[in-house]
Amino acid sequence: DEIEPMARHVGSVNTIVNEDGWLIGLTTDGPGALKALADAGVSLNGKHVVFTGAGGAVRAVAFAVAEIANPASIAILGRTSAKVETLVADLSANTQVPIQGGDLGNDLPSAMAAAGVVIQGTSVGMTPEDKSTIIPARLLRPGQAIFDMVYRPHETRLLRDAKAAGCQIVHGIDMLVNQAVLQFERWTGAPAPVDAMRSVAADALAETAP
């Protein structure tokens, strides 16, 4: 019956709420990522935010960042120029934040030099390719916040490199849990059992690890 504006911009819903017979579609992926960042003490206000990747997960989080978090700018770096151009055009048309697009192969060093917050949204570093990273350690610097959406392994090579470089890190499982926390609270109107949800998620991921 209704789609919330952010979900309409993203182009997908992951949650449907029944309010007195009126069905509302929304997305908690982007807000869940923002909650993960906030819980870790990372502010995006006035920061230059760099995304690696231009797929569906990045799209959801980028719209949440642009619409809610008040960044100074957003850069989208990907390998497929058509995907990057489409996402940049959609963000530019529907938000007020300056948006740039770029190529991961050529533009990563300059983007990282300006980045205050980096959100890694590709599958690089995911088990079983957990020795891989899309961002060379030499491009990381103290004071940056690095959020890797990959949640298996718990600590990716990128996050290990970031920790060693003095960056603040945010784990992928925090987004996974928090998007579900927001779903639970919209469905029930009650506070979510966050610790229990995190424990179950961690156990399930451990059980499915190869």
Side-chain angles (χ1 to χ4, degrees), residues 12 14 28-42 44 49-62 64-65 74-80 83-84 87 102-113 115-181 194-210:
S12 66
N14 72 338
T28 63
D29 287 332
L34 293 187
K35 188 175 187 309
L37 287 158
D39 289 350
V42 176
L44 282 71
V49 180
V50 171
F51 285 87
T52 59
V58 166
R59 184 180 181 89
V61 178
V65 170
I74 293 175
I76 308 289
L77 303 184
R79 297 195 188 279
T80 306
K83 286 186 177 181
V84 172
L87 181 51
D103 177 73
L104 264 172
N106 298 319
D107 300 319
L108 185 60
S110 59
M112 288 297 297
V117 178
V118 180
I119 301 176
Q120 201 296 105
T122 76
S123 61
V124 175
M126 183 181 293
T127 301
E129 304 297 328
D130 51 15
K131 292 182 173 58
S132 302
T133 180
I134 204 157
I135 301 174
R138 68 179 184 278
L139 299 181
L140 302 165
R141 67 177 192 279
Q144 287 179 319
I146 310 296
F147 171 31
D148 196 340
M149 291 192 210
V150 171
Y151 50 79
R152 195 174 66 205
H154 175 69
E155 194 157 287
T156 60
R157 179 181 168 186
L158 172 59
L159 292 184
R160 294 196 302 272
D161 288 347
K163 186 187 291 186
C167 303
Q168 190 169 4
I169 66 170
V170 183
H171 296 89
I173 195 173
D174 296 325
M175 174 181 170
L176 180 68
V177 171
N178 278 312
Q179 61 84 24
V181 165
V194 179
D195 291 342
M197 294 170 75
R198 185 180 302 277
S199 177
V200 169
D203 288 348
L205 289 172
E207 288 172 3
T208 57

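In this text the structure is predicted, and so the values were computed from the model without any measurement.
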(request) Give every residue pair that meets the ring pair (Phe, Tyr, Trp, His ring centres under 6.0 Å) criterion with at least one member in residues 122-179, sequence neighbours excluded. (result) H154-H171
Exercise: identify the closest heavy-atom pair between [X] and [Y]:
X: L104; Y: G53; answer: CD1-N, 4.5 Å
X: V124; Y: S132; answer: CG1-CB, 4.0 Å
X: V42; Y: A145; answer: CG1-CB, 3.7 Å
X: V177; Y: A201; answer: CG2-CB, 4.0 Å
X: G125; Y: P153; answer: O-CD, 3.4 Å
X: L108; Y: P136; answer: CD2-CD, 4.0 Å

(request) Please examine the side chains of L176 and L205, heavy atoms only from C-beta on, and report whether any two atoms are closer than 4.5 Å. (result) yes
(message) Contact between V65 and I119 at the side-chain level, heavy atoms closer than 4.5 Å - yes or no?
(response) yes
(message) Donor-acceptor pair, distance only, cut-off 3.5 Å: does the side chain of Q144 make one with the backbone of A115?
(response) yes
(message) Donor-acceptor pair, distance only, cut-off 3.5 Å: does the side chain of Q120 make one with the backbone of T122?
(response) yes
(request) Please report the C-alpha distance between R160 and T133 in whole Å, then the side-chain angles of each, then the deciding distance to 0.1 Å, and finally whether the side-chain contact (heavy atoms from CB on, under 4.5 Å) criterion is met. (result) CA-CA 10 Å; R160 294 196 302 272; T133 180; over 6 Å; no
Gap separating the [atom1] atom of [X] from the [atom2] atom of [Y], nearest 0.5 angstrom:
X: I134; Y: T156; atom1: CD1; atom2: OG1; result: 11.5 Å
X: M175; Y: D29; atom1: CE; atom2: CG; result: 5.0 Å
X: T28; Y: L34; atom1: OG1; atom2: CG; result: 11.5 Å
X: D103; Y: I76; atom1: CG; atom2: CD1; result: 13.5 Å
X: L77; Y: I135; atom1: CG; atom2: CD1; result: 8.5 Å

(request) Scan for salt bridge (charged side-chain N to carboxylate O under 4.0 Å, His left out) pairs involving residues 127-149, sequence neighbours excluded, and state none if there are none. (result) none
(request) Among residues two or more places apart or on two chains, list those pairs meeting salt bridge (charged side-chain N to carboxylate O under 4.0 Å, His left out) that have a residue in residues 194-204. (result) D174-R198
(request) Taking side chain to side chain contact (heavy atoms under 4.5 Å, CB included) as the test, write out the residues that go with A162, two or more places apart. (result) L140, I146, C167, I169
(message) Run the side chain to side chain contact (heavy atoms under 4.5 Å, CB included) test against P109 and tell me which residues pass, sequence neighbours left out.
(response) L139
(request) Would you please name every residue forming a salt bridge (Lys or Arg N to Asp or Glu O under 4.0 Å) with K35, sequence neighbours left out? (result) D39
